[in-house]
There are 2 protein chains.
Amino acid sequence: MSTAERLIESTRELLWERGYTGTSPRAIQQRAGAGQGSMYHHFSGKPELALAAMRRSAEQLRADAEAWLGGPGGAAERITGYLLSEREVLRGCPVGRMAQDPEVVGDPGMSETVDGAFRWLRGRLEEVLEEGRRGGEFPAGLDASGTAAVIAAVLQGGYVLARAAGSAEPFERAVGGVLDLLGIPSAAVAA
Amino acid sequence: MSTAERLIESTRELLWERGYTGTSPRAIQQRAGAGQGSMYHHFSGKPELALAAMRRSAEQLRADAEAWLGGPGGAAERITGYLLSEREVLRGCPVGRMAQDPEVVGDPGMSETVDGAFRWLRGRLEEVLEEGRRGGEFPAGLDASGTAAVIAAVLQGGYVLARAAGSAEPFERAVGGVLDLLGIPSAAVAA
DNA sequence: GTCTATAGGATGATAGAC
DNA sequence: GTCTATCATCCTATAGAC
């Protein structure tokens, strides 16, 4: 892997673990096995490197979701698959994590990257929900847009509650609960 | 207000805005109008001060929730009131914010404070949901525990999505969506 | 491309005077 | 109780040699 690649990947991990403010160029260099000069040769500084790392995390979120939402099967089945797909719950969401930091939210590029990922996710969920509604898998009166927001929020909030608890239990219970409210028997599905 | 009071309140605000890592003793002192010596006279250091501030935020969360959940009216009405109560959505949740920081999660006292607030909230929501289920306000088959987790997660996730978007819209849509899934006409209620 | 040297400021305290 | 002085370390670069 190239030095630039290792720097981006190290930044991605550190942002995930410690957030933007808690991630120093020094720590990035050490994890990447690169010197100061090397880092500043490839990137103008911490903000540019962080943006590259966040773009990668946002792309990953999208790919992970699309693997289920765009896969085979009915709408309910695909949404269930996505909700129950394997996650490192206690690490939190690498994208949602960024939304807490004022330096990230205050930067147009980073902010747009994070928000863009969530806008896409909500839109994609809404499409699948609408497809299921039209196909009779969900009630005819289903509010696809509101329900998509609920699902995205349950995932993000589930991460928060799980980290607070030091256990994946709140995440899993919230995911099970939302499937229940959608009328999908959560016991009847496999990840 | 006493100096110790001002220090705690300043810490509370700074933790809310910038998180634990992003909050320095120096910034706390300046906001509180206190000197270094004064701060270290009243508190042993940043961790002790932060713990006092977090306990206060956790207590506030509890009081805000109980004002609605323990108020008059039916179960659905009280839960709706809590969900639609006025919030500074874009500031995020002062308690949920803390769950992201590894230094907070790694400290037994702080971690227990944050988790305790969410455990209490979920338990309280479950009680009210169960009350409503027995009273016929909700379906007899309602999973009160799972639904309580959904509601807590929607609030926390709503904050995350709203901060990412720079707008309260995702929060409001998720809250409206969950009321809809609960069979409560969200248009029929007032904050 | 990568290295070392250097820098001004912040961080999180401690010591001791008042 | 509050103040100032001091401290070792980290932060985020920049400069210039190799």
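In what follows, chains carry the letters A, B, and so on, assigned in the order in which the sequence lines appear, proteins first and then strands, with residues in each chain numbered from 1. What you see is a predicted model; the values in this text were computed from it and never measured. Reckoned from all heavy atoms, side chains included, excluding hydrogens, waters and symmetry mates.
- First and last contacts of DNA chain C with chain B, using any nucleotide atom under 4.0 Å from a protein heavy atom and ordered 5' to 3', fall at C:dT11 to C:dT14.
- Taking each heavy atom of B:Ala153 and A:Val154 in turn, the nearest pair found is CB-O, 3.8 Å.
- Within a 6.0 Å sphere centred on CZ of A:Arg55, heavy atoms belonging to other residues, nucleotides or ligands number 12 at most.
- The SG atom of B:Cys93 sits 9.0 Å away from atom CE of B:Met98, with the distance rounded to the nearest 0.5 Å.
- For the pair A:Pro47/A:Tyr20, a side-chain contact is recorded, criterion being any heavy-atom separation below 4.5 Å from C-beta on.
- The minimum heavy-atom distance linking B:Leu7 with B:Ala32 is given by the pair CD2-CB, 3.8 Å.
- The main-chain N or O of B:Gln100 is found under 3.5 Å from a side-chain atom of A:Arg97 such that the two form a donor-acceptor pair.
- With A:Arg18 contributing its side chain and A:Thr23 its backbone, the two residues share no donor-acceptor pair below 3.5 Å.
- In this structure, B:Gly37 reaches the bases: a heavy-atom distance under 4.0 Å links it to at least one base atom across the strands shown.
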Report task. Summarise how protein sits on nucleotides 7-12 of chain D as a single string, 5' to 3': B when a protein heavy atom is under 4.0 Å from the base, S for sugar-phosphate-only contact, - for no contact. Result -> ----SS
Requested in this report: Apply side chain to side chain contact (heavy atoms under 4.5 Å, CB included) to the pair B:Ser57 and B:Thr113, showing each step before the final yes or no.
Outcome: CA-CA 9 Å; B:Ser57 288; B:Thr113 299; over 6 Å; no
